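Along the sequence shown, residues carry numbers from 1. Small disclaimer: the values here were computed from a predicted structure and weren't measured.
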Amino acid sequence: MFFRNEFQIKKSKARVRKFVESKKFQNFILAVIILNSILLGIMTYPKIMAAAGPLLHIMCNICVGIFTVEIALKLYVYGKNFFKSGWNNFDFIIVAISLVPTGGAFSSFRVFRILRALRALRLITQLERLRVIVQAIIDSIPNVGWASVLLLVIFYIFSIMGTTLFAADFPDWFGSIGKSMYTLFQVMTLESWSMGIARPVISIHPFAWMYFISFILISSFIVMNVIVGVVVNAISEISADIKKQKETNKLIANKTDLRQELFRLKEQIALVENLIEIDEEKIKRN
């Protein structure tokens, strides 16, 4: 009896898991997330809120209710394993914030109204490609950090050079190390660097073109490409890991299906044995 109840629970969880992990359910949740994001944007217009505010609030509450049911189903299916995934924790926190009341006696929690905009971030958790990019950026932080240190050293060196060479004629741009670094940051972003900064300096210091071109080549084209390369490499590695994980999950799912079939066969064999024993007893009585 115990094993039968346990089997029924596992069977129920398997059905719910199949439903939760189905493409239709995920697409439905994605559509609700998009709808909720659009509603949050529309609700920033006072005229629209004056005309249809209550309706928009009801629709937002329905979306939050759907998100809550989704999290509840996942908790039922995965149990404690649900919180082993950082993306699941992210979803859980966002939905929990959405459930915090912000009116009446709970007016002190109105700050959470600002955080409701974070619901749009759930698009990241629903779209695998976005998850890969975000995860790659997070995994690349150590290497990007060292590349940033290299970039900072380059900024410092060129700032000293710029302050020494151009401070007298252009104190607003190169009057100090801080001003020089800010000016070089503008040059690195290629925002009005030529007509706005480089050409006025070159008009007084003809050889300043070497300074600006060398800085742009090193900072914008070399170091920044290194950072991009680090992130792209991380994306490739994560994509490969996800592919391997999917293959592993398929094997696990196949093993689970085989175990369930074996369990059903055992139940059927036990039932047949019971029927045979009953028939034998009848024969002996006769």
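Contact of the Lys74 side chain with the Val77 side chain is not registered, since no non-hydrogen atoms from C-beta on lie closer than 4.5 Å. The closest side-chain heavy-atom distance from Leu165 to Phe174 is not below 4.5 Å. At a threshold of 4.5 Å between non-hydrogen side-chain atoms, the residues Phe25 and Ser22 count as touching. A heavy-atom distance below 4.5 Å is not found between the side chains of Met161 and Phe215. Within the 4.5 Å cutoff, no side-chain heavy atoms of Phe67 are placed close to those of Asp91. Considering only heavy atoms from C-beta on, Leu151 comes within 4.5 Å of Phe155 through its side chain. Counting heavy atoms from C-beta on, the side chains of Phe82 and Ile71 come closer than 4.5 Å. Using a 4.5 Å heavy-atom cutoff, the side chains of Phe158 and Ser214 are in contact.
To the nearest 0.5 Å, the span separating CG on Asn36 from CE on Met43 amounts to 9.0 Å. In this structure, NZ in Lys23 is found 6.0 Å from CD in Gln26, a value given to the nearest 0.5 Å. To the nearest 0.5 angstrom, Ser203 atom OG is 9.0 Å from Asp169 atom CG. Remark: Ser180 OG to Phe170 CZ distance equals 12.5 Å, nearest 0.5 Å. Between the SG atom of Cys63 and the CG atom of Leu35 there is a distance of 4.5 Å, given to the nearest 0.5 Å. Rounded to the nearest 0.5 Å, atoms CD1 (Ile48) and CG (Leu56) are 7.5 Å apart.
Linking ILVMFWY side-chain heavy atoms closer than 4.5 Å, directly or via other members, places Ile66 and Val20 in a single hydrophobic cluster. Residues Val228 and Leu190 do not share a hydrophobic cluster, clusters being chains of Ile/Leu/Val/Met/Phe/Trp/Tyr side chains in contact below 4.5 Å. Residues Met188 and Ile160 fall within the same hydrophobic cluster, defined by Ile, Leu, Val, Met, Phe, Trp and Tyr side chains chained together at heavy-atom separations under 4.5 Å. Criterion: ILVMFWY side-chain heavy atoms under 4.5 Å apart, direct or through other members. Under it, Ile33 and Ile58 are part of a common hydrophobic cluster. Linking Ile, Leu, Val, Met, Phe, Trp and Tyr residues whenever their side-chain heavy atoms come within less than 4.5 Å places Val69 and Ile94 in a single cluster.
Counting heavy atoms of neighbouring residues, nucleotides and ligands inside a 6.0 Å radius, atom CZ of Phe92 does not exceed 12 of them. Within 6.0 Å of CE on Met49 lie more than 12 heavy atoms contributed by other residues, nucleotides or ligands.
Ser176 and Thr163 make their closest contact through O-OG1, 3.4 Å (heavy atoms, listed as atom of the first residue, atom of the second, distance). Across every non-hydrogen atom of Pro206 and Trp209, the tightest pair is O-CD1, 3.0 Å. Counting all heavy atoms, side chain and backbone alike, Met195 lies closest to Pro200 at O-CD, 3.5 Å. When all heavy atoms are compared, the tightest approach of Val230 to Ser140 is O-OG, 3.7 Å. Taking both residues in full, the closest heavy atoms of Leu184 and Tyr211 are given as CD2-OH, 3.5 Å, listed atom of the first, atom of the second, then distance. Counting all heavy atoms, side chain and backbone alike, Thr189 lies closest to Gln186 at OG1-O, 2.7 Å.
Using modelled atom types, one side-chain atom of Asn61 and one backbone atom of His57 make a donor-acceptor pair closer than 3.5 Å. No donor-acceptor pair closer than 3.5 Å links the side chain of Thr44 to the backbone N or O of Leu40.
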* To do: Run the numbers on Leu73 and Phe19 for side-chain contact (heavy atoms from CB on, under 4.5 Å), then give the verdict.
  => CA-CA 10 Å; Leu73 290 174; Phe19 171 73; 4.2 Å; yes

* Asked: After noting the C-alpha distance and the side-chain angles of Asn27 and Lys24, does the key distance pass the side chain to side chain donor-acceptor pair (under 3.5 Å) rule?
  -> CA-CA 5 Å; Asn27 289 337; Lys24 291 182 179 180; over 6 Å; no

* Asked: Are Trp173 and Phe166 close enough, and set up right, to give a side-chain contact (heavy atoms from CB on, under 4.5 Å), and what steps lead you there?
  -> CA-CA 8 Å; Trp173 295 342; Phe166 314 128; over 6 Å; no

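Taking the centre of each ring, Tyr78 and Phe83 stay at or above the 6.0 Å mark.
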